[in-house]
Amino acid sequence: MSDRITLSTWPTPLEPMPRLATALGLGEDDLWVKRDDLIGLGGGGNKVRKLEWTVGAALAEGADTLVTTGAAQSNHARLTAAAGARAGLDVVLVFPGTAADAANGSGNLVLDSLFGARIHWAGDGAPSALGDAAEDVCAQLRESGAHPCLIPFGGSSPLGARGYVDGGEELLAQLPDVRHVVVALGSGGTMAGLIGALGEERVLGVHCGAVADPAETVAGLTTALTGRDVAPGSLRIRTDQVGAGYGTLHEPVLEAMRTAATTEGIVLDPVYSGRALAGLISAVRDGDIRRGERTVLLHTGGLPGLFGHAETVRRTVTALRSHSAD
Ligand SMILES: *Cc1c(COP(=O)(O)O)cnc(C)c1O
């Protein structure tokens with residue numbers, strides 16, 4: 001039994017990427033992109049699949065307000081705001097920093113505001129303080145007679161991860177002989193759900209630096225999701241694309257973004273999906289992914305975050321090519 005609700009039209013497209021494949025040294029038919037960036041709610045992205053389950057559960061328990069946390073450029077927060085609007089629920093987003101951080105707000109913050117979400121600025125404490133602040137917001141809401149439901153960081157509970165068991169099964173129906181699925185690993189629920197559908201051997205996670213211990217995080221979620229004891233050491237995780245850390249621009253990621261954009265007209269973001277392609281490229285270089293092996297890049301979205309990432313915007317605009325004979 002499930003209380004899953006429908007927040008988009010399924011399945012998302014699966015597209016061949018022959019020019020990108022060739023640029024990477026793969027065969028023309030080897031590389032496909034699963035377009036979860038085209039999910040039709042709120043600007044799209046992977047968090048919608050999780051929200052179908054978590055917001056469904058919130059409605060079933062009689063909640064009237066969704067509360068969640070993240071960075072100010074969180075795609076998960078933006079999509080929680082959109083899902084709340086669609087489901088007729090109030091939304092409070094708990095972000096680190098102060099209201100002054102919103103003054104030059106861009107990217108996801110613009111959309112959070114359009115979707116009518118309220119922002120609670122939690123100050124600049126330790127990351128764990130954000131969870132405490134969210135609990136406080138829920139307590140205040142309860143005192144004022146509301147019924148809040150706290151959606152976990154990144155939507156990555158075992159329940160939310162079921163959205164990517166659905167996503168993995170959808171992909172298998174589209175491409176039964178898929179050998180590798182490459183995905184950005186943030187809070188871990190997307191990779192965990194994919195493993196639930198495809199098994200450990202076929203899913204390659206590219207760590208983005210959002211959690212301290214990605215293997216433990218994904219193994220814990222996968223174990224809770226599947227009821228099998230999944231060992232952290234059995235997971236395929238690359239940690240070579242974190243660079244200076246979560247949210248920073250890593251040079252190979254900008255290169256990967258340019259390659260996808262110039263060969264296929266596909267936009268990736270600097271925090272997640274660009275790291276996934278950079279990881280895929282390095283996996284081809286070191287032989288983990290080989291010519292002739294059906295490979296899928298899961299495009300998890302993140303376009304609004306590109307416009308909220310000051311350094312990427314600056315670097316991209318600086319590289320604008322002029323056509324005049326200046
Ligand atoms: C959150 C996010 C991810 C990572 O998904 P997790 O389930 O948190 O690991 C990847 N790409 C984008 C664009 C995201 O917003």
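Both ligands and their constituent atoms are indexed starting at 1 by order of listing. Atoms considered below: every heavy atom in the structure, side chains included; atoms not considered: hydrogens, waters and symmetry mates.
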Check N46, L7, V48 against L79 for a side-chain contact (heavy atoms from CB on, under 4.5 Å) and give me the one that passes.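 Answer to the side-chain contact (heavy atoms from CB on, under 4.5 Å) test with L79 among N46, L7, V48: V48.
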
Say whether, by atom type as modelled, one donor and one acceptor occur between the side chain of T223 and the main chain of V230 under 3.5 angstrom.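 A pair under 3.5 Å: yes.
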
Close side-chain approach of [X] to [Y], heavy-atom, < 4.5 Å:
{"X": "T222", "Y": "E200", "answer": "no"}
{"X": "L59", "Y": "L89", "answer": "yes"}
{"X": "I39", "Y": "T12", "answer": "yes"}

Using heavy atoms and a cut-off under 4.0 Å, could you grab the residues that are in contact with ligand 1, chain by chain, numbers ascending?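 For ligand 1, the residues that come within the 4.0 Å heavy-atom cutoff are N46, K47, K50, N75, S156, A184, L185, G186, S187, G188, G189, T190, Y272, T300, G301, G302.
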
Those residues that, when tested against F153, pass ring pair (Phe, Tyr, Trp, His ring centres under 6.0 Å) (two or more places apart):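 Testing F153 for ring pair (Phe, Tyr, Trp, His ring centres under 6.0 Å), a comparison that skips the adjacent residues, returns none.
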
